[in-house]
Amino acid sequence: MGATQTALMTVAEFLEIPEPATGYNELHHGEVVTMAFPKWGHEQIQDRIQMLLKAMLSGKGVVRMEMAFRPLPEHELWRADVGFVTALRADSIGEDEYLTGAPDLVVEVLSPSNTVDEINDKMSICLENGCASFWVVDPKRRRVSVTEGDLTKHYNLAAWIVCSVLPEELAVRSLFDA
């Protein structure tokens with residue numbers, strides 16, 4: 001008895017399916033993944049990061065929470081917790097299109113449901129497809145890991161983040177404390 005092989009779902013097919021009753025769908029490697037809506041504390045950190053980045057990157061591009069993007073052309077449609085795209089790239093996106101490739105800066109705020117494999121997979125694909133800086137924000141440990149190229153730096157609460165996308169350093173504490 002042979003194994004049944006199912007075809008990978010394309011983005012076009014994915015866009016035709018209804019949203020789930022709770023949460024939202026993303027397309028990961030041709031498979032639909034239902035994601036839970038973020039909880040209040042998670043959204044507070046996302047909002048704080050978004051506001052800080054908007055202030056630092058004003059006029060340089062677009063910063064958004066839940067930024068939708070297609071890191072690979074056919075079987076992927078994801079959302080970054082917070083994303084930044086340069087003005088040049090943002091201006092090239094049509095109103096009814098998604099960002100092609102990963103945002104220049106991707107920030108993922110860890111949730112209890114995240115796995116190491118999931119985050120590493122997302123980071124690899126993003127960095128290989130347009131992302132210059134990938135951040136993993138860990139609210140439980142109150143630290144930030146920043147990966148650029150093959151180098152990852154870990155910043156504790158007292159540190160200042162150095163990032164190629166930012167015009168200046170950013171205090172880690174400001175991501176967690178208002």
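Just so it is clear, the structure is predicted and the values come from calculations on it, not from any experiment.
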Exercise for the section: Measure the OG1-CG distance between Thr10 and Leu27 for me, rounded to the nearest 0.5 Å. Expected result: 8.0 Å
Completion exercise
Value for CD (Gln44) from NZ (Lys39), rounded to nearest 0.5 Å, stands at 14.0 Å
Handout entry: Parallel, tilted or perpendicular, as decided by the 30° and 60° cut-offs, for the rings of Trp78 and His28
Key = tilted
Problem - Cluster overlap Leu52 with Phe84, hydrophobic side-chain contacts below 4.5 Å - result: yes
Handout entry: Single-linkage hydrophobic cluster Leu57~Ile161, side-chain heavy atoms < 4.5 angstrom
Key = yes
Handout entry: Side chain proximity check, Glu76 to His29, heavy atoms < 4.5 angstrom
Key = yes
Using a 3.5 Å cut-off and no angle test, enumerate the donor-acceptor pairs between side-chain atoms of residues 99-109 and protein atoms at least two apart in sequence or in another chain.
residue: Asp104; atom: OD2; partner: Thr86; partner atom: N; Å: 3.0
residue: Asp104; atom: OD2; partner: Arg89; partner atom: NH1; Å: 3.2
residue: Glu108; atom: OE2; partner: Asp81; partner atom: N; Å: 3.3
residue: Glu108; atom: OE2; partner: Lys122; partner atom: NZ; Å: 3.3

Completion exercise
Separation between CZ (Arg70) and CG (Asn129), nearest 0.5 Å, reads 12.0 Å
Problem - Heavy-atom side-chain proximity of Asn156 to His154 below 4.5 angstrom - result: no
Completion exercise
For Ser133 and Leu127, the nearest pair of non-hydrogen atoms, with its separation, is N-CD2, 4.5 Å
Practice task
Enter the distance from Asp177:CG to Ile45:CD1 here, rounded to the nearest 0.5 Å.
Solution key: 9.5 Å
Exercise for the section: On the 0 to 90° scale, with breaks at 30° and 60°, tag the Tyr24-Phe37 ring pair as parallel, tilted or perpendicular. Expected result: tilted
Problem - Any side-chain heavy-atom pair of Ser174 and Arg48 under 4.5 Å - result: no
Handout entry: Asp138 versus Lys140, closest heavy-atom pair with distance
Key = OD1-N, 3.1 Å
Practice task
Count the heavy atoms of every other residue, nucleotide or ligand shown that sit under 6.0 Å from OH of Tyr98, and state whether that count exceeds 12.
Solution key: no
Exercise for the section: Report yes or no: do Val165 and Val62 belong to one cluster of Ile/Leu/Val/Met/Phe/Trp/Tyr joined by side chain heavy-atom distances under 4.5 Å? Expected result: no
Exercise for the section: Write out all pairs satisfying salt bridge (Lys or Arg N to Asp or Glu O under 4.0 Å) with one or both partners inside residues 7-29, taking only residues at least two apart or from two chains. Expected result: none
Exercise for the section: Find the distance between CG (Leu166) and CH2 (Trp160) and round it off to the nearest 0.5 Å. Expected result: 12.0 Å
Problem - Taking every non-hydrogen atom, the tightest pair across Thr34 and Thr22 - result: CG2-O, 3.9 Å
Fill in the blank from the handout: Between Glu66 and Pro38 the two heavy atoms that sit nearest each other are OE2-CG, 3.9 Å
Fill in the blank from the handout: On a heavy-atom basis, the closest approach of Gly83 and Met67 is O-CE, 3.4 Å
Exercise for the section: May I ask you to test the Phe69-Cys126 pair for a side-chain heavy-atom distance under 4.5 Å? Expected result: yes
Handout entry: Verdict with supporting geometry, Val11 and Glu74, side-chain contact (heavy atoms from CB on, under 4.5 Å)
Key = CA-CA 6 Å; Val11 171; Glu74 199 54 45; 5.6 Å; no
Problem - Side-chain touch Val82/Arg64, heavy atoms, less than 4.5 angstrom - result: no
Problem - Test item: Asn114 and Val136 side chains (from C-beta on) under 4.5 Å apart, heavy atoms - result: no
Problem - Trp135-Met65 co-clustered via ILVMFWY side chain contacts under 4.5 Å - result: yes
Practice task
Look up atom CD in Glu31 and atom CG in Leu8, then write down how far apart they are to the nearest 0.5 Å.
Solution key: 7.0 Å
Problem - Minimum heavy-atom distance between Ser145 and Thr152, given as atom pair plus value - result: CB-CG2, 4.2 Å
Exercise for the section: May I ask whether Leu110 and Phe134 are part of the same hydrophobic cluster, defined by side-chain heavy atoms of I, L, V, M, F, W, Y residues being less than 4.5 angstrom apart, directly or through others? Expected result: yes
Handout entry: Non-hydrogen side-chain atoms of Phe176 and Val137 separated by less than 4.5 Å
Key = yes
